[in-house]
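Here's the structure we're looking at; comments come further down.
Note that this is a predicted model, so its numbers are computed, not measured. Below, each value reflects all heavy atoms present in this structure, side chains not excepted, and no hydrogens, waters or symmetry copies. Note that the numbering runs from 1 along the sequence shown for the chain.
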Amino acid sequence: MTTEGFTTCLWFDGQAEEAVRHYVSVFEDSRVGETVRMPEGGPGPAGTVLTVEFELNGQKFVALNGGPQFTFNEAVSFQIPCADQAEVDYYWDRLTDGGEESMCGWLKDRFGVSWQVVPTPFTAMLRDPDPAKARRATEAMMTMRKLDLAALEKAYAGE
């Protein structure tokens with residue numbers, strides 16, 4: 001039985017190194033680990049990057065240059081809990097650079113990876129035992145691309 005936890009493998013089409021450099025520049029608590037290069041006789045040119053290990057906020061990942069067979073979609077996304085609007089803005093701006101905005105706090109970065117940038121106070125609003133407050137906050141969220149915490153708080157309060 002393993003005790004090391006899980007490592008998320010992200011499949012790229014030749015962009016593994018570029019993606020890792022981008023992600024470690026966005027997340028403060030991050031690091032790059034071992035890079036494995038394609039061996040002679042491998043499925044790609046010898047010496048090119050096969051995998052790059054990295055960590056973001058303590059979460060282990062490996063970026064794999066697997067080729068064009070598979071692409072990312074919204075069925076898998078990474079949630080970024082943000083303490084305040086400044087954090088929401090920080091992550092949103094950096095991850096949408098070259099990517100695209102979606103709805104309800106979701107975005108795709110320039111590599112096609114989906115992220116949810118969510119202020120933690122909003123998550124607390126959704127758990128409120130008063131269903132009217134939670135409904136108002138949810139309805140407001142449904143109209144937004146990047147989540148606006150002040151607007152969510154107003155809707156939650158019934159203003």
Side-chain angles (χ1 to χ4, degrees), residues 1-127 138 140-149 151-152:
M1 187 181 305
T2 182
T3 59
E4 290 188 34
F6 293 103
T7 300
T8 302
C9 181
L10 301 175
W11 180 297
F12 295 92
D13 182 12
Q15 302 166 311
E17 255 183 327
E18 179 186 352
V20 169
R21 279 195 306 271
H22 178 62
Y23 296 144
V24 298
S25 78
V26 170
F27 293 90
E28 189 174 300
D29 183 18
S30 62
R31 67 176 191 80
V32 178
E34 182 180 8
T35 297
V36 175
R37 300 204 171 268
M38 195 73 67
E40 288 290 334
T48 60
V49 171
L50 178 61
T51 62
V52 182
E53 295 175 350
F54 64 110
E55 268 186 43
L56 305 176
N57 292 346
Q59 173 64 45
K60 293 180 183 181
F61 293 89
V62 63
L64 166 70
N65 278 328
Q69 297 88 339
F70 301 110
T71 59
F72 298 109
N73 66 52
E74 293 83 355
V76 174
S77 62
F78 297 98
Q79 290 184 347
I80 305 170
C82 299
D84 54 31
Q85 190 66 46
E87 280 191 14
V88 169
D89 294 346
Y90 171 87
Y91 288 112
W92 190 268
D93 292 346
R94 282 152 186 82
L95 292 171
T96 57
D97 182 19
E100 62 186 69
E101 297 182 355
S102 188
M103 295 298 296
C104 306
W106 289 56
L107 64 89
K108 275 189 183 182
D109 67 25
R110 68 179 101 178
F111 306 102
V113 176
S114 292
W115 299 85
Q116 298 174 51
V117 183
V118 183
T120 53
F122 173 66
T123 306
M125 292 176 209
L126 296 179
R127 289 193 297 266
T138 300
M141 180 262 314
M142 297 294 287
T143 68
M144 299 175 183
R145 288 187 180 276
K146 176 174 70 172
L147 298 186
D148 179 337
L149 184 54
L152 292 167

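Asp13 places none of its side-chain heavy atoms less than 4.5 Å from the side chain of Asn65. In this structure, Thr8 and Val76 have side chains that are not in contact, with every pair of non-hydrogen atoms separated by 4.5 Å or more. Residues Phe111 and Tyr23 meet the side-chain proximity criterion, which asks for heavy atoms closer than 4.5 Å. Side chains of Leu95 and His22 form a contact here, defined as non-hydrogen atoms less than 4.5 Å apart. For the pair Val24 and Arg31, the minimum side-chain heavy-atom distance is 4.5 Å or more. At least one side-chain heavy atom of Ser114 sits under 4.5 Å from a side-chain heavy atom of Lys108. Looking only at side-chain heavy atoms (C-beta outward), Pro81 and Thr123 stay at 4.5 Å or farther from each other.
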- Task: Verify side-chain hydrogen bond (donor to acceptor under 3.5 Å, both in side chains) between Gln116 and Ser77, making sure each step is shown before the conclusion.
- Result: CA-CA 7 Å; Gln116 298 174 51; Ser77 62; 2.7 Å; yes
- Task: Any chance you could lay out the side chain to side chain contact (heavy atoms under 4.5 Å, CB included) test for Val117 and Lys146, step after step, and finish with the verdict?
- Result: CA-CA 8 Å; Val117 183; Lys146 176 174 70 172; over 6 Å; no
- Item | Step-by-step side chain to side chain contact (heavy atoms under 4.5 Å, CB included) determination, Thr35 to Thr51 | CA-CA 6 Å; Thr35 297; Thr51 62; over 6 Å; no
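With rounding to the nearest 0.5 Å, the separation of CG in Leu50 from CG in Leu64 is 6.0 Å. Taking CZ of Arg145 as the reference point, atom OG of Ser102 lies at 7.0 Å (rounded to 0.5 Å). The line from OG1 of Thr48 to CD of Glu17 is 9.5 Å long, rounded to the nearest 0.5 Å. With rounding to the nearest 0.5 angstrom, the CG atom of Leu107 is 10.5 Å from the CG atom of Asp93. Atom CG of Asp89 is separated from atom CG of Asp148 by 8.5 Å, given to the nearest 0.5 angstrom. Atoms CG and CE, on Leu149 and Met141 in that order, are 13.5 Å from each other to the nearest 0.5 Å.
With Asn57 contributing its side chain and Ser30 its backbone, the two residues share no donor-acceptor pair below 3.5 Å.
Between Thr96 and Glu101, the shortest heavy-atom distance links the atoms CG2-CG, 4.0 Å. The two residues Met38 and Gly44 come nearest to each other via the heavy atoms CG-O, 3.4 Å. A pairwise comparison of heavy atoms in Val32 and Val20 identifies CG2-CG1, 3.8 Å as the closest pair. Closest heavy-atom contact between Cys82 and Pro121: O-CD, 3.9 Å.
Only one option out of Phe12, Trp11, Phe78 pairs with Phe72 in a ring-ring contact (aromatic ring centres under 6.0 Å, His included); it is Phe12.
Screening residues 85-108 for ring-ring contact (aromatic ring centres under 6.0 Å, His included) gives Phe27-Tyr91 as the qualifying pairs, with residues at least two apart or on separate chains.
Scanning for side chain to side chain contact (heavy atoms under 4.5 Å, CB included) contacts around Thr7 gives Lys60, Val62, with sequence neighbours left out.
Salt bridge absent: Asp109 and Arg94 never bring a charged side-chain N and a carboxylate O closer than 4.0 Å.
Around the CD atom of Glu40, the shell of radius 6.0 Å holds no more than 12 heavy atoms that belong to other residues, nucleotides or ligands.
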